[in-house]
Amino acid sequence: MSVAKVVVDVPSSQINHTFDYKIPEKYEALLKVGMRVTIPFGPRKIMGFVIEIVPTSDVKRLKEIEAIMDITPVLTKELLQLGKWMADQTVSLYIQAYQAMLPRVLKAKYKKEIEKLTDIELTASLKQMFAGRDFITFEEFEENKGNYAELLHALKEGYIQINYIVESKETSKKALFIDMAKEQHLLEEAFIDLPKNAKKQQEVLQYFISNPTEIEQKKLIEKCKTTPHTIQLLIEKGLLKKTLKKVYRDPFANTNFQSTTALQLSEQQRKAIEPIWKSIDNNYNETFLLHGVTGSGKTEVYLQSIEKVIKLGKEAIVLVPEIALTPQMVKRFKGRFGDDVAVLHSGLSPGERFDEWTKIQKKEVKVVVGARSAIFAPFEKLGIIIIDEEHETSYKQEEQPRYHAREIAKYRGEYHQCPVVLGSATPLLESFARAKKGVYTLLEMTSRMNEQQMPPVKIIDMREELHAGNRTMFSRELVQAIKNRIERNEQVVLFLNRRGHSTFVMCRECGDVVKCPSCDIALTYHKSSYQLKCHYCDYQIPMIQECKECQSKQIQYFGTGTQKVEESLLEVIPEAKIVRMDVDTTRRKGAHEKLLTIFQEKRANILLGTQMIAKGLDFEDVTLVGVLAVDSMLNLPDFRASEKTFQLLTQVSGRAGRHKLPGEVIMQTYSTEHYAVQLASQYNYEQYFLHEMQMRKSFHYPPYYYLTLINVSHQDELKVQEVTKMISRLLLKHLSGDATILGPTPSPIVRINNRYRYQCMIKYKDEPNQREIIRKILQYYHDDIQKNNLMIQVDFEPYQLM
DNA sequence: AGCACGCCGACT
DNA sequence: GTCGGCGTGCTC
């Protein structure tokens, strides 16, 4: 007898351990560790992951595994082990960890149905509900307001039974394929016999005579410009046949990727790549920090490292931040490695995502390029892991399990004994500090590919503009520079940092700001729909005409949305042709690319946008980059505010003068003297690093201290305060004396969706027992969490302090 | 999480 | 006496 240890699909901390199940004889040979199974659990039937197969169990009455859901395991042994580690590290549940590693469609779907076992004894209303059928769904019973007492009675008497159904949502896409039903020469004979006026049929047949292979019906129709009907006629004549085949959904079906070959490496690229190659060759786990300025050719270093890995028969994972995962980026990898590449990003439909994942699972690809969760690609012979733009915050998952892709990468690198490469022009302070300490190997690429200089940066003091009577949001110098580019038929990128900034509405008479009734936040004005929306819940109302407090009609918007910037810009420079890119204009699928194409084809001279235009864009004729308001980000309540500002400014500046024409950057700010602004304008990362490290040291922030953020929320403010206070007291008592506990303090946004939010923060150097203590605290509040709607979120090394 | 079991008040 | 409300505790 063999026993399977199963992690079951019940998201509760009481269930957060394995359950033993007997493996029925018929499954003994089939069942492998890492497969999904359906199992009886109490009165129900649910899904579970087989974690381990052992000979015996201590449990007295074992139930049997009911069915196997997969032919091949969905989790490798490595991922099973990694999932456990991740759950422990992030204090989350095993089931959550495993599900985070898999495409969504592999999550089980549960259904209940009621089966009728006898016809006679049923009550009239139940009989009516069945209406002659043997099964009805439980949903149907509920929708028709079925009587639970009757149901329960019938169940007890055995007139009916309830079946629990576990379904996997995964589906394969099927496509219709057309093939010849007879040999080629027979088709030729048939061709002559076709009626003279059956032009289209002739054409289709001719196609097969010259291309005697199977083809997808859709493509055939396209090629011969015909209809399904014509093909159907040929099928009926017995000349062709159709089959339904599983196909992969191809998100890049209509894209041609021009194939590229390895470029000659520059001296500095060669210096950077050699240690990586050495590490690949020697199966040596080492973390590299590739610090390369924008345009220094980091991607080529990645590509040629991967090439080496593939030659050795191994696989590669490349992580790219979500917003940088544009077709341009994909093109570089598909161009070099062709069909060996799978792409995973959030723009894919769940089905497409599953198909890409399947290609990895079946080892049909060697390289995966993707956003955060691609770090879990089920490769088994990893040769390298690359994280591009490693400082990006999107590598941290902001929901359970709150993992950071970098930490997962290091774990997998260690497991596979392969290098991990972290690349960035502006590395995270922690990473650079580690590189300096020798924990990571630092690789520097300090000059740009074509020996071009970074574009000069001019800082404009907006206070002076105001003193000079300029009340617009564009400095005189910026306006002049833009006009100048338009004249020369060159292009401009205008960057508006909207974080911490949004268009709110205020009454000029009484100063009342329109706020969300359930969140502690001002509503944002959306001009396109003429509505006021809350960005934290889905509350929205039509734009107000008069103040609710004083009935004044003096209502004014404040803040600067991209819409407003566009309008004011057109007032100052009426001849400007502007492409605006923000969440509103890029929501629809494909809108992103469309807007970029317009700009690319020079049908516009100004690209105006938010965060999303800071990265990766590369246009030949962009010679001016304008940053409209640096300050909003600097002043966020976040110890990383200055670092994020520095990163962003450096990145945006890199958009100008990437080709033949020289570029220029203009930064407008009210804090001209701030070191992040000053040093970003000089492209001096090293100096910035030293300065910021000083700050972190004196304020006890990372990398000198680690942080843990505990966030408590509940609809009752007193309750939240009380719990948070208790938690900090417990932490103080049980953590070592070296740890500091900040708080409880109200979160920067005190109320979201009618829930009050308080937090406390642990600053520490070394607390090996921390996780255990926090687990106990969570245990202590278990009942409150389960029954009283209390929420306690724990975030180790947080990136988002809101 | 879901579901059964069990204990107590309300009502035929 | 029985129905149904919810609090409690278990699920290999």
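Each chain gets a letter, A, B and so on, in the order the sequences are listed, and its residues count up from 1.
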Legend entry - Any donor-acceptor N/O pair, Tyr21(A) side chain to Pro40(A) backbone, under 3.5 Å: yes
Legend entry - Proximity to DNA chain C (any heavy atom under 4.0 Å), residues of residues 45-64 of chain A only: Val59(A), Arg61(A), Leu62(A), Lys63(A)
Side-chain donor-acceptor pairs of residues 767-779 of chain A under 3.5 Å, sequence neighbours excluded:
residue, atom, partner, partner atom, Å
Glu767(A), OE1, Ser736(A), N, 3.2
Glu767(A), OE2, Ser736(A), OG, 2.5
Gln770(A), OE1, Thr708(A), OG1, 2.5
Gln770(A), NE2, Tyr764(A), OH, 3.1
Arg771(A), NE, Gln89(A), O, 2.5
Arg771(A), NH2, Gln89(A), O, 3.2
Arg771(A), NH2, Gln89(A), OE1, 3.4

Legend entry - All salt bridge (charged side-chain N to carboxylate O under 4.0 Å, His left out) counterparts of Glu315(A), not counting sequence neighbours: none
Legend entry - Close approaches to DNA chain C from residues 20-28 of chain A, in residue order (heavy atom, under 4.0 Å): Asp20(A), Tyr21(A)
Inset, instruction - Decide, yes or no, whether a salt bridge links Lys359(A) with Asp355(A) under the criterion of side-chain N to carboxylate O below 4.0 Å. - result: no
Inset, instruction - Indicate yes or no for a side-chain donor-acceptor contact from Tyr781(A) to the backbone of Ile727(A) under 3.5 Å, with no hydrogens or angles considered. - result: no
Inset, instruction - Output all residues satisfying ring pair (Phe, Tyr, Trp, His ring centres under 6.0 Å) with Tyr799(A), sequence neighbours left out; order by chain, then residue number. - result: His404(A)
Legend entry - Contact list for residues 716-728 of chain A, test salt bridge (charged side-chain N to carboxylate O under 4.0 Å, His left out), sequence neighbours left out: Lys719(A)-Asp784(A)
Inset, instruction - Quick one, give me the B/S/- string for nucleotides 2-12 of chain B, reading 5' to 3', where B means a protein heavy atom under 4.0 Å from the base and S means that only happens at the primed atoms, P, OP1 or OP2. - result: SS---------
Legend entry - Range on DNA chain C touched by chain A, heavy atoms, distance below 4.0 Å: dG4(C) to dC12(C)
Legend entry - Enclosure of Glu115(A) CD (heavy-atom neighbours >12, cutoff 6.0 Å): yes
Legend entry - Pairs satisfying salt bridge (charged side-chain N to carboxylate O under 4.0 Å, His left out), at least one member in residues 37-52 of chain A, at least two apart: Lys45(A)-Glu66(A)
Inset, instruction - Could you list all the salt bridge (charged side-chain N to carboxylate O under 4.0 Å, His left out) pairs where at least one residue sits in residues 739-760 of chain A, not counting sequence neighbours? - result: none
Inset, instruction - Please list, chain by chain and in numerical order, all residues satisfying side chain to side chain donor-acceptor pair (under 3.5 Å) with Glu398(A), sequence neighbours excluded. - result: none
Legend entry - Within residues 373-382 of chain A or reaching into it, pairs that qualify as side-chain hydrogen bond (donor to acceptor under 3.5 Å, both in side chains) - sequence neighbours excluded: Arg353(A)-Ser373(A), Lys363(A)-Glu380(A)
